[in-house]
Novice: 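Starting off with a structure, shown below.
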Amino acid sequence: MRSERYRRRVPTTTFRLPLPVDLRVSLSPLRTGGRYDPSLRITHDQVLRASRTPTGPATLHARVSSGEAVCEAWGPGADWALEHAPGLLGARDDLTGFSPSSVPVLARAHHRNPGLRIIRSGRVEDVLLATILGQKVTGVEATQAFQRIVRWWGESAPGPGDLRLLPPAEVLASRPWWAFHKAGIERTRAETVIEAFRRLPRMEEAATMDHDAAFARLTAVRGIGPWTAGIVQRLCFGDPDAVEVGDFHIPNMVAWNLAGEDRADDDRMLELLEPFRGHRGRVVHLLKVGGQSAPAYGARMSVGTIHRL
């Protein structure tokens, strides 16, 4: 992951991890487009990530071994990236109150993925673009649109790896909706991107709020609904209870694993998740990586996940 020419002295930090961390499993929700994500590379014990921080662009490299994380960073935002690295690597995750033993499928998923952590990127800007582009389309369409936007309007990240930074908020907020059309983004999602990034400072304030207040702040933006807000709350704020309500597949997956029911709506999903309140988002993440898919009937759906807002 590191180029020899970047072995000069750079800001570093080292800290202990209170729980085992599998970076590939824990940080996979941040990745758009699999291993071809232009701003992120992950293995089970290393991550190289480019991001925009309040103090400027940064690239963070972290290596995890024997319960310890060694991190180094480049760019104007290096110090901020290092300060928030523990949250990004799951060191702030807390399993208090989580008891999966009552459901065999969930217990097995937890046993097989002991390093799954709820991460905390600390910035709405980190995941907002990719999440909005994932609204109402297949995963393939969202990935292609994201990669085009980053390639066209982003810029090279500092440090090693030839990563790219997402476009600055002011760039996304100032583009007309039709400028997004060549990337395969229709007017509704384009206008949501524009509006959300115009109001990004207000959305970033949600990081300091409790679950309900943060949800209200995020969904006050036109085009941001429960699905988008749930993802932002879990990935940016480290909220283990946040669930992406409105997903096409997740209610069926939850119902099949927790109750043996092959179909469910959002209300039924939330009912089944209620015993795990405080960790409902953790349960969903565990079932995604270690649970069973609900039976498929009828014609095969397009690749990806189709959801509401």
Side-chain angles (χ1 to χ4, degrees), residues 27-42 48-53 56-59 75 77 121 123-158 161-204 218-219 221-232 234-236 244 246-249 301-309:
L27 274 70
S28 60
L30 286 178
R31 184 160 53 188
T32 302
R35 62 179 180 174
Y36 301 109
D37 189 311
S39 61
L40 181 67
R41 295 178 188 168
I42 316 172
L48 186 67
R49 180 172 184 259
S51 63
R52 294 188 182 277
T53 79
T59 294
S121 77
R123 294 280 291 171
V124 173
E125 187 174 7
D126 289 341
V127 303
L128 189 58
L129 176 62
T131 307
I132 293 173
L133 295 183
Q135 295 175 353
K136 296 184 176 181
V137 298
T138 66
V140 171
E141 291 171 302
T143 293
Q144 291 174 344
F146 176 80
Q147 292 180 347
R148 288 168 184 151
I149 291 297
V150 174
R151 185 170 67 250
W152 295 345
W153 300 341
E155 57 193 67
S156 296
D162 296 322
L163 299 182
R164 288 191 66 77
L165 294 160
L166 274 62
E170 58 269 22
V171 170
L172 294 169
S174 63
R175 290 287 194 271
W177 72 263
W178 44 262
F180 292 81
H181 187 69
K182 290 195 298 182
I185 304 166
E186 84 294 337
R187 182 169 185 170
T188 298
R189 284 184 298 156
E191 290 183 340
T192 299
V193 170
I194 295 166
E195 179 69 12
F197 279 90
R198 283 176 178 169
R199 300 181 64 180
L200 184 63
R202 291 277 293 168
M203 299 181 74
E204 294 287 7
L218 295 172
T219 54
V221 177
R222 180 171 53 86
I224 303 296
W227 183 83
T228 305
I231 293 176
V232 169
R234 192 167 71 243
L235 297 183
C236 301
E244 49 264 57
D247 194 273
F248 186 85
H249 294 293
M301 296 294 294
S302 299
V303 175
T305 303
I306 301 178
H307 9 85
R308 296 192 289 275
L309 303 179

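One is the number of the first residue; the rest follow in order along the sequence.
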Novice: Closest approach of Ile185 and Ala190, non-hydrogen atoms and distance?
Specialist: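 Taking every non-hydrogen atom into account, CG2-N, 3.7 Å.
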
Novice: Spell out, as yes or no, whether a donor-acceptor pair under 3.5 Å connects the side chain of Glu204 to the backbone of Val124.
Specialist: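 Checked: pair present.
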
Novice: So which atom in Thr219 and which in Ala229 form the shortest heavy-atom distance, rounded to 0.1 Å?
Specialist: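 The pair with the smallest heavy-atom distance is CG2-CB, 3.8 Å.
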
Novice: Which atom names give the shortest non-hydrogen contact between Ser28 and Ile42, and what distance separates them?
Specialist: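 That closest heavy-atom pairing would be N-CD1, 4.3 Å.
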
Novice: After noting the C-alpha distance and the side-chain angles of Arg49 and Leu30, does the key distance pass the side-chain contact (heavy atoms from CB on, under 4.5 Å) rule?
Specialist: CA-CA 10 Å; Arg49 180 172 184 259; Leu30 286 178; 3.9 Å; yes

Novice: Excluding sequence neighbours, so at least two apart, what forms ring-ring contact (aromatic ring centres under 6.0 Å, His included) with Phe180?
Specialist: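 If we apply the ring-ring contact (aromatic ring centres under 6.0 Å, His included) test to Phe180, skipping adjacent residues, the hits are Trp153.
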
Novice: Looking at Glu195 and Val221, what are the two nearest heavy atoms and their distance?
Specialist: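 Nearest heavy atoms, Glu195 then Val221: CG-CG1, 3.9 Å.
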
Novice: With side chains defined as the heavy atoms from C-beta onward, is the minimum distance between Arg151 and Pro38 less than 4.5 Å?
Specialist: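 No - every pair of side-chain heavy atoms lies 4.5 Å or more apart.
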
Novice: I would like to know whether Leu235 and Asp126 meet side-chain contact (heavy atoms from CB on, under 4.5 Å); could you show each step before the answer?
Specialist: CA-CA 9 Å; Leu235 297 183; Asp126 289 341; over 6 Å; no

Novice: With rounding to the nearest 0.5 Å, note down the distance linking OG1 in Thr53 to CZ in Arg123.
Specialist: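 These two atoms lie 7.0 Å from each other.
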
Novice: Give a yes or no answer on whether the side chain of Arg41 reaches the backbone of Gly161 with a donor-acceptor pair at less than 3.5 Å.
Specialist: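 Such a contact is found between Arg41 side chain and Gly161 backbone.
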
Novice: Rounded to the nearest 0.5 Å, what separation is found between the CZ atom of Phe146 and the CG atom of Leu133?
Specialist: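 The distance works out to 8.0 Å.
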
Novice: To the nearest 0.5 angstrom, please state how far the OG1 atom of Thr228 sits from the CG atom of Leu218.
Specialist: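 Taking OG1 in Thr228 and CG in Leu218, the distance rounds to 9.5 Å.
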
Novice: Please check: side-chain N/O of Arg148 versus main-chain N/O of Ala183, any donor-acceptor pairing under 3.5 Å?
Specialist: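 The answer is yes, because a donor-acceptor pair under 3.5 Å joins these two groups.
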
Novice: Could you check if a side-chain atom of Val137 sits within less than 4.5 angstrom of a side-chain atom of Arg189, using non-hydrogen atoms only?
Specialist: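 A side-chain contact under 4.5 Å exists here.
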
Novice: Tell me the closest heavy-atom pair linking Gly154 and Arg164, and the distance in Å.
Specialist: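 Taking Gly154 first and Arg164 second, the nearest heavy atoms are O-NH2, 2.8 Å.
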
Novice: Between Arg31 and Leu40 (side chain of the first, backbone of the second, donor and acceptor by atom type, cut-off under 3.5 Å), is there such a pair?
Specialist: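 A pair under 3.5 Å: no.
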
Novice: Report the distance from atom CG of Leu129 to atom CD1 of Ile149, rounding to the nearest 0.5 Å.
Specialist: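 Leu129 atom CG to Ile149 atom CD1 measures 7.0 Å (nearest 0.5 Å).
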
Novice: Are the side chain of Glu125 and the backbone of Leu128 linked by a donor-acceptor contact shorter than 3.5 Å?
Specialist: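 No, the answer is negative, given that no donor and acceptor are paired below the 3.5 Å cut-off.
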
Novice: Rounded at 0.5 Å granularity, tell me how far OG in Ser51 sits from CG in Leu165.
Specialist: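 Answer rounded to 0.5 Å: 7.5 Å.
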
Novice: What are the two closest non-hydrogen atoms of Ser39 and Leu163, and how far apart are they?
Specialist: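 In terms of heavy atoms, the two residues are closest at O-CD1, 3.8 Å.
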
Novice: Can you measure from OG1 (Thr192) to CZ (Phe197) and round to the nearest 0.5 angstrom?
Specialist: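 Going from the OG1 atom of Thr192 to the CZ atom of Phe197 covers 11.5 Å.
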
